[in-house]
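This report refers to the structure that appears directly beneath it.
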Amino acid sequence: MANITVVRGAQQAEYNSEGAVTVYDAAQAVGLIDREVLAARVDGKVVALSYALAADAKAELLTFADKDGAHVFRHTASHILAQAVKRLFPSVHLTIGPAIEDGFYYDFDSEISFTPEVLAQIEGEMKKIVKENLRIERFELPRAEAIAFMREKDEPYKVELIEALPEDAVISFYRQGEFTDLCAGPHLFSTGAVKAFKLTSCTGAYWRGDSKNKMLQRVYGTAFPIKDALNAHLAQIEEAKKRDHNKLGRELEYFTTVDYIGQGLPILLPKGARVVQLLQRFVEDEEQKRGCLLTKTPLFAKRDLYKISGHWDHYLDGMFVIGDPHDETKECFALRPMTCPFQYQVFLNRKRSYRDLPMRLTETSTLFRNEDSGEMHGLIRVRQFTISEGHYILRPEQLEDEFRECLDLAKFMLDTVGLLEDCTFRFSQWDPANPKNKYEGTPEQWEEAQSLMAKILDDLGVEYTVGIDEAAFYGPKLDIQYKNVFGKEDTIVTIQIDLLLAKRFGMEYTDSDNTQKNPYIIHRTSLGCFERTLAYMIEKFAGALPTWLMPTQVVVLPLNEVFADYAYGVAKRLTANGVRVEVDDSSDTLGYRIRHAKLEKTPYILVIGENEMKNGTLTVNDRVHEKPYTMEESAFFDKLLTEIKTRSKTQN
RNA sequence: GCUGCUAUAGCUCAGUCGGUAGAGCACGUCAUUGGUAAUGACGAGGUCAUGGGUCCGAAUCCCAUUAGCAGCUCCA
């Protein structure tokens, strides 16, 4: 006797069964099933509708609206993809094919390459499989039989996967028609539900995500229960592409690249340079207000410095070296990939006491990193970039307060530029099992640093995810993450705790009890990399940055040359008040000039004609107000100046 | 670095079977004039990314390099 509670959204019903019953049958018995139900959640575990309920249980029915439901749906879509590929190309080896956010993929080991034509062919075969509405059945095999089964099917990657499973693991398979795949599941009831899907791209991906392994072919796709949802999703991606900073930033002339200058070395054009200058002034002023000391340190140094810091051992491949790194008899330099070892020299300049701490050093710092050639992307990933880098040298008891201050500063900065609401936090930890000897220090030191950071984060109530093997080589990090228009995530700001490097550099202070101690150090950025921040702002605002950051804030348009002098007078008055103004007195028609200004995303467009001169009023267009509005000139200036001087995080 | 794709005017793109290059927008000149998304005429612009090769002949076919894109791997 089992008492089953079936839940669907706000609806709920009880079902008493004599023996074991499938979720599907229980749900049907209480009248809560229909085609929209894809899977279920029982005891927190996502299961197929064919899952047998033997004891008292609560079965929550999942539709596509539920994240887990969509996941099951798309996982089945990936199996349909694999089945289609095996039908068309039997010699292809299967590997893995999970559902992901917004879609699914499947990795294949294939001799032939999946060109767009081949993808279209595969899509056609997938449609057939959906139409065949094949029943999806689960079965289990003991380990040895599972391995033999996959050997017989000539699926070496599947054999490898099974062999890697723990001894006591349940080894399950899913069969649909002639196709069977090793899979933990769960899946849909049958293939017929996958009504709308599209294969979006084919790219390379390493087997098991390891660059030492063979490169497989990954086919990406997405799937929805109804066609309209698929089309809406594809349209949304097209819209997002229009915001791509790498396209928009070039069109709007924020930056460009030159093939004979090199990858990852963008030219900031006047508009981009202006925005970075404004951001930089804002950052430096704010940091000064908060007690930071600005430094200016060299952009490169002898290798000796990097040997002390550990960069020579841990980061040599990432540095641009001037000279032969392996010839110890000759002088050898490297461009700096980080500012830390340079800024520490400020502390080391003389004997320090506990009274000198905290010492908050900051620098608008240009760095050079020799990224692999495939990594560069617009302004987001470059080889030379400038960050607001700070090192706070602290007594241990100051760590928590100063960490809080760093977080507050970063949040303030991100909020002011309008990006904070889209940020997530990641507690980046080391990997004790990392075989690459990537980290300095002992497990005890890491344990100490990480537990300190965990305590601080918990005290501050920061919601974060944990990233294993994401730490710096000298300590754990709180990374503030941001996603670009394509959903690719990068770090925008980082705050790191370092209990190791002070000792390496011989940094000591005399404490109140007259003993010598190594300080703790926080490495932090306040607004991160200016280039990257600019890129994210271009994407977030589709080029229409907040007014205080726009290279041109107001365009003044005289109706014709009669009004040109007056227009220049207005512009002069605005300029004198710190507003960035352009006058467009070209002979083009007014509508044409307005169109131009709008394409440039100029926040304010001021038309000067008879009315303005006669009445002393101004007709104003801006992004928000579709219809022109008129107001007294002085009131207009007050509003405009207030707005431009305020660092409003939204457009207008 | 790896896999795949791409490179023609400032931008978006045509260019058939290999036969010495084309449009729209942008730009310039002139005329016109104006009230919120495009006034008209004319003009200038290209060593078809770079370097090799095949060929009587290459934007077109082949190879290499450089750069750009998607993804993987790495990272702020």
Side-chain angles (χ1 to χ4, degrees), chain A residues 105 107 110 113-116 118-119 200-220 241 244 246-247 250-251 253 256-265 315 317-318 337-338 365 367 369-383 385-389 428 436 438 469-470 472 477 479-482 486 488-494 496 523-525 527-533 535 557-563 587-599 605 607-612 619-621 625-628 630:
Chain A
Y105 67 79
D107 286 349
S110 165
S113 64
F114 295 152
T115 60
V118 175
L119 287 186
T200 47
S201 66
C202 176
T203 66
Y206 297 108
W207 167 235
R208 307 207 120 179
D210 189 331
S211 57
K212 286 195 274 295
N213 288 343
K214 182 167 186 182
M215 178 140 294
L216 309 168
Q217 291 197 57
R218 173 171 298 178
V219 177
Y220 281 95
K241 278 186 191 165
D244 179 4
N246 208 5
K247 182 173 162 57
R250 289 171 196 269
E251 276 171 15
E253 298 192 293
T256 188
T257 51
V258 176
D259 60 0
Y260 47 81
I261 286 180
Q263 283 187 299
L265 297 169
Y315 205 77
D317 288 345
M338 290 152 189
S365 180
L367 304 179
R369 297 188 185 177
N370 192 3
E371 304 288 354
D372 287 341
S373 62
E375 309 301 347
M376 264 63 74
H377 173 68
L379 292 178
I380 287 180
R381 193 79 182 271
V382 291
R383 280 181 165 151
F385 57 96
T386 300
I387 62 172
S388 55
E389 186 161 27
S428 298
K436 287 178 280 186
K438 193 171 146 185
D469 201 19
E470 298 282 357
K477 312 190 281 182
D479 290 322
I480 305 182
Q481 302 293 106
Y482 199 89
F486 299 111
K488 193 179 162 83
E489 185 178 292
D490 274 297
T491 302
I492 188 164
V493 164
T494 181
Q496 311 168 356
H523 305 234
R524 68 104 182 100
T525 62
L527 226 204
C529 163
F530 291 105
E531 291 85 349
R532 186 175 279 187
T533 301
L557 304 179
L559 203 55
N560 60 41
E561 64 269 22
V562 173
F563 308 104
S587 59
D588 296 308
T589 59
L590 180 65
Y592 186 85
R593 284 180 285 161
I594 286 173
R595 174 180 165 258
H596 220 269
K598 283 187 174 174
L599 286 175
I605 301 167
V607 176
I608 306 292
E610 276 167 43
N611 299 337
E612 290 74 20
T619 304
V620 182
N621 284 78
H625 300 87
E626 283 300 317
K627 299 281 178 198
T630 304

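These values consider heavy atoms only, across backbone and side chains, with no hydrogens, waters or symmetry-generated copies. Chain identifiers are assigned alphabetically (A, B, ...) following the order of the sequence lines, protein sequences preceding nucleic acid strands; residue numbering begins at 1 within each chain.
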Rounded distance in Å - [atom1] ([X]) to [atom2] ([N]):
X        : N     : atom1 : atom2 : result
A:Glu251 : B:C13 : CD    : P     : 10 Å
A:Phe114 : B:U3  : CZ    : C1'   : 13 Å
A:Gln263 : B:A49 : CD    : C1'   : 14 Å
A:Asp107 : B:G4  : CG    : C1'   : 14 Å
A:Ile380 : B:A76 : CD1   : C1'   : 11 Å
A:Ile605 : B:A37 : CD1   : C1'   : 10 Å
A:Leu557 : B:G35 : CG    : C1'   : 11 Å

Can you figure out which of [options] approaches the side chain of [X] most closely?
X        : options             : result
A:Tyr220 : B:U73, B:U33, B:G71 : B:G71
A:Arg595 : B:A26, B:C75, B:C72 : B:A26
A:Ser373 : B:U73, B:G35, B:G1  : B:G1
A:Leu559 : B:A49, B:C2, B:G34  : B:G34
A:Thr257 : B:U66, B:G68, B:U73 : B:G68
A:Arg381 : B:C75, B:G1, B:G35  : B:C75
A:Thr203 : B:A37, B:G71, B:A26 : B:G71
A:Val607 : B:U36, B:G34, B:A76 : B:U36
A:Asn246 : B:U66, B:C69, B:U33 : B:C69
A:Tyr592 : B:C72, B:G1, B:A38  : B:A38

[X] near the nucleic acid: base, sugar-phosphate alone, or nothing, with a heavy-atom cut-off under 4.0 Å?
X        : answer
A:Arg218 : sugar-phosphate
A:Gly374 : base
A:Thr115 : nothing
A:Cys202 : nothing
A:Ser113 : nothing

side-chain N/O [X] vs [N] OP1/OP2, d < 4.0 Å:
X        : N     : answer
A:His377 : B:A70 : yes
A:Lys477 : B:A76 : yes
A:Gln217 : B:G4  : no

Q.
Can you tell me if A:Phe385 is stacked onto the base of B:A76, using a 5.5 Å centroid cut-off and an angle below 30°?
A.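 Per 5.5 Å and 30° rule: yes, stacked.
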Q) Is there a Watson-Crick or G-U wobble partner for B:A49 with both distances under 3.5 Å, and if so, which one is it? A)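 Per the H-bond distance test, B:U65.
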Q) Who does B:G22 pair with, Watson-Crick or G-U, both distances under 3.5 Å? A)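 Across all strands, the one nucleotide that pairs with B:G22 is B:C13.
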